[in-house]
Amino acid sequence: MTAFPVALVLVVAAAGLLRWRRPAWYWLAFGVTLAALRVLVRYRSVMDACGLTVPPARWRLSLARATNRPIPEPRPPSIRRLRPTRTGLVLRLKLLPGQDVFDIAAASDRLRHSFSMFGVTSREVRSGVVEVRMTGYDVLKRVQMPAETETRAMRVPVALREDGSVHYRDYRAIPHALTLGATESGKSVYQRNLVAGLAPLDVALVGIDCKQGVELFPLARRFSALADSPDTAAELLDSLVARMADVYRLIRTQQRITVDVPDAEIAADIWDLPDELRPTPVVVLVDEVAELALYATKEEEKRRDRIITALVRLAQLGRAAGIYLEICGQRFGSELGKGITMLRAQLTCRTAHRLNDETSANMAFGDIAPDAVLAAIQIPAELRGLAIAGDASGGWHRIRAPHTSLRQAVNLCNRYADRTPDLPELAPFRPTTGTVTELVPSAKASPATA
């Protein structure tokens with residue numbers, strides 16, 4: 001009689017320890033079963049309390065009165081599927097006539113409390129079908145990316161969303177991006193994850209790091225071109241604009257506009273070209289855009305206008321030529337000068353880590369998702385890497401990239417160094433990876449020892 005209570009106490013203690021130290025293990029061992037039972041048992045009453053039920057149809061009421069039966073109860077959305085995941089549960093609901101996807105979204109917080117889950121989000125799968133994703137624990141506290149992710153050309157996983165799904169950077173769907181973040185906000189780690197995801201792909205990486213290259217030059221073996229000063233950056237961007245013009249001329253000669261070729265095979269960008277003719281896509285990473293926009297003299301102002309003009313041209317015309325921009329910075333505002341808001345308008349993908357001012361948050365999300373502005377400036381300083389990601393669709397998510405050290409990123413770039421393409425237009429900017437020379441002069445001998 002004493003064995004069962006002892007075993008029960010041990011199981012409860014083990015569950016409590018796992019929930020405290022390893023929430024993911026606790027969820028897979030205990031939480032998913034308890035949560036599924038809790039949802040199924042409470043479902044009807046919770047939906048009724050949250051106002052997500054509809055009155056019975058008139059013919060059912062008439063039938064009940066005619067047959068002297070009890071009046072039917074209000075009906076909740078039917079559960080099409082209940083699927084457990086490594087981070088929570090996924091409910092697929094079939095909405096009833098008169099219900100809308102916004103009704104589910106507005107009741108997300110009440111559903112979270114009622115089902116005792118950590119978070120609840122919803123999205124419309126198709127007309128009348130809504131997917132509700134519930135997370136059983138804080139997946140952003142200790143980010144663990146899934147062992148298997150969906151990878152394809154120009155689409156890389158970079159972070160984890162608050163609903164447990166993977167956040168991808170898809171360049172063919174959203175070509176250009178703006179990433180903001182104050183000092184020590186995790187912006188550099190996000191950038192390393194981006195480079196680490198692109199390193200195994202057939203893509204040319206081009207970097208502009210005006211902090212003397214301290215962020216991007218350690219990854220030089222995987223970069224086809226690097227610039228560490230505004231002067232070099234201006235020349236590099238001009239070379240990219242020239243490459244873009246050459247690629248467009250190639251596409252024009254290969255469009256195959258004849259009466260014998262179906263319309264579906266007419267080339268309009270590099271992805272419509274045959275594999276043997278397709279130019280290598282290029283991803284341009286700008287580490288600190290404010291350094292390119294600041295100036296103090298007339299000569300620097302001319303250089304600044306030249307740089308911003310080249311960036312705007314690449315943002316407006318570079319997608320079809322396979323040139324994609326990743327603009328990063330601590331501060332991004334209209335005070336950086338003319339052309340900045342024009343550049344921002346072309347950067348569809350927006351990611352904001354912790355920001356020190358509301359102006360930068362408004363520049364990031366004010367034109368696409370105003371309700372994300374407040375979320376961006378409320379990120380606590382102790383949660384480095386936490387960010388708000390949005391796009392032109394108006395939706396936004398909380399994401400967090402897994403911690404990737406500089407050494408891990410360097411090792412990965414060195415492993416795939418053989419995939420670094422040589423582009424003739426960018427050959428003068430190809431970084432050298434020889435022996436590191438000593439940059440700091442040695443201390444002179446003191447008079448006492450001379």
Side-chain angles (χ1 to χ4, degrees), residues 153-154 171-172 175-177 191 194-195 198-210 213 215-217 219-255 267-289 291-292 302-328 339 343 346-347 413 416-434:
M154 303 306 296
Y171 288 93
R172 295 188 63 179
H176 310 304
Q191 193 178 56
L194 194 60
V195 174
L198 292 170
L201 305 182
D202 293 325
V203 59
L205 299 180
V206 174
I208 298 177
D209 183 3
C210 291
E215 291 288 348
L216 296 181
F217 270 74
L219 316 173
R221 295 192 63 189
R222 187 55 186 88
F223 276 75
S224 299
L226 279 171
D228 61 353
S229 67
D231 291 326
T232 310
E235 298 175 2
L236 175 56
L237 291 172
D238 288 341
S239 299
L240 287 172
V241 172
R243 173 183 171 82
M244 179 178 65
D246 293 339
V247 172
Y248 276 127
R249 281 191 287 268
L250 173 63
I251 295 174
R252 181 68 181 272
T253 59
Q254 297 294 327
Q255 281 188 316
D269 57 30
I270 66 169
W271 304 106
D272 297 327
L273 296 175
D275 293 343
E276 63 274 9
L277 295 178
R278 182 181 300 136
T280 303
V282 179
V283 176
V284 183
L285 294 100
V286 180
D287 184 67
E288 184 52 66
V289 66
E291 287 298 319
L292 301 177
K302 294 179 181 179
R303 181 195 65 199
R304 180 258 178 212
D305 293 341
R306 176 183 166 194
I307 290 174
I308 299 301
T309 301
L311 285 175
V312 172
R313 283 179 176 172
L314 291 173
Q316 291 183 153
L317 307 174
R319 180 204 61 82
I323 299 177
Y324 308 101
L325 298 182
E326 286 285 343
I327 307 296
C328 302
L343 175 62
Q346 304 296 328
L347 306 177
C413 289
Y416 296 104
D418 58 324
R419 305 186 73 93
T420 305
D422 288 317
L423 305 182
E425 305 90 341
L426 306 181
F429 310 98
R430 182 70 184 263
T432 58
T433 56

Apply side-chain contact (heavy atoms from CB on, under 4.5 Å) to L273 and L250, showing your working.
CA-CA 9 Å; L273 296 175; L250 173 63; 4.2 Å; yes
Check whether any side-chain heavy atom of L194 sits under 4.5 Å from a side-chain heavy atom of V283, and report yes or no. no
Those residues at least two apart in sequence (or on a different chain) that pass side-chain contact (heavy atoms from CB on, under 4.5 Å) with T232 are A227, D228, S229, F429
*Go through the steps to decide whether L426 and L236 satisfy the test side-chain contact (heavy atoms from CB on, under 4.5 Å), and finish with yes or no.*
CA-CA 7 Å; L426 306 181; L236 175 56; 3.7 Å; yes
Contacts satisfying salt bridge (charged side-chain N to carboxylate O under 4.0 Å, His left out) that involve residues 275-287 (not counting sequence neighbours) are K211-D287, D275-R278
So V312 and Q346, do their side chains get closer than 4.5 Å, heavy atoms only?
no
message = Set out, in order, the CA-CA distance, both residues' side-chain angles and the distance that settles side-chain contact (heavy atoms from CB on, under 4.5 Å) for E291 and V286, then state yes or no.
response = CA-CA 10 Å; E291 287 298 319; V286 180; over 6 Å; no
Sorted by chain and number, sequence neighbours left out, side chain to side chain donor-acceptor pair (under 3.5 Å) with R430 holds for D422
Sub-4.5 Å side-chain heavy-atom contact between I208 and L237
yes
Residues at least two apart in sequence or cross-chain that pass side chain to side chain donor-acceptor pair (under 3.5 Å) with D305, listed by chain then number, are none
Contacts satisfying side-chain hydrogen bond (donor to acceptor under 3.5 Å, both in side chains) that involve residues 306-316 (not counting sequence neighbours) are D238-R306
* Asked: Just wondering, do R243 and P279 contact through their side chains at under 4.5 Å, heavy atoms?
  -> yes
Item to check | side-chain contact (heavy atoms from CB on, under 4.5 Å) assessment of L240 paired with M244 | outcome: CA-CA 6 Å; L240 287 172; M244 179 178 65; over 6 Å; no
Side chains of L205 and L219, heavy atoms from C-beta outward: is any pair under 4.5 Å? no
With sequence neighbours left out, the residues meeting ring pair (Phe, Tyr, Trp, His ring centres under 6.0 Å) with Y324 are Y171
**Asked** Around atom CZ of R304, are there more than 12 heavy atoms of other residues, nucleotides or ligands at under 6.0 Å?
**Response** yes
Correct closest heavy-atom pair for L292 and P230 would be CD2-CA, 4.3 Å
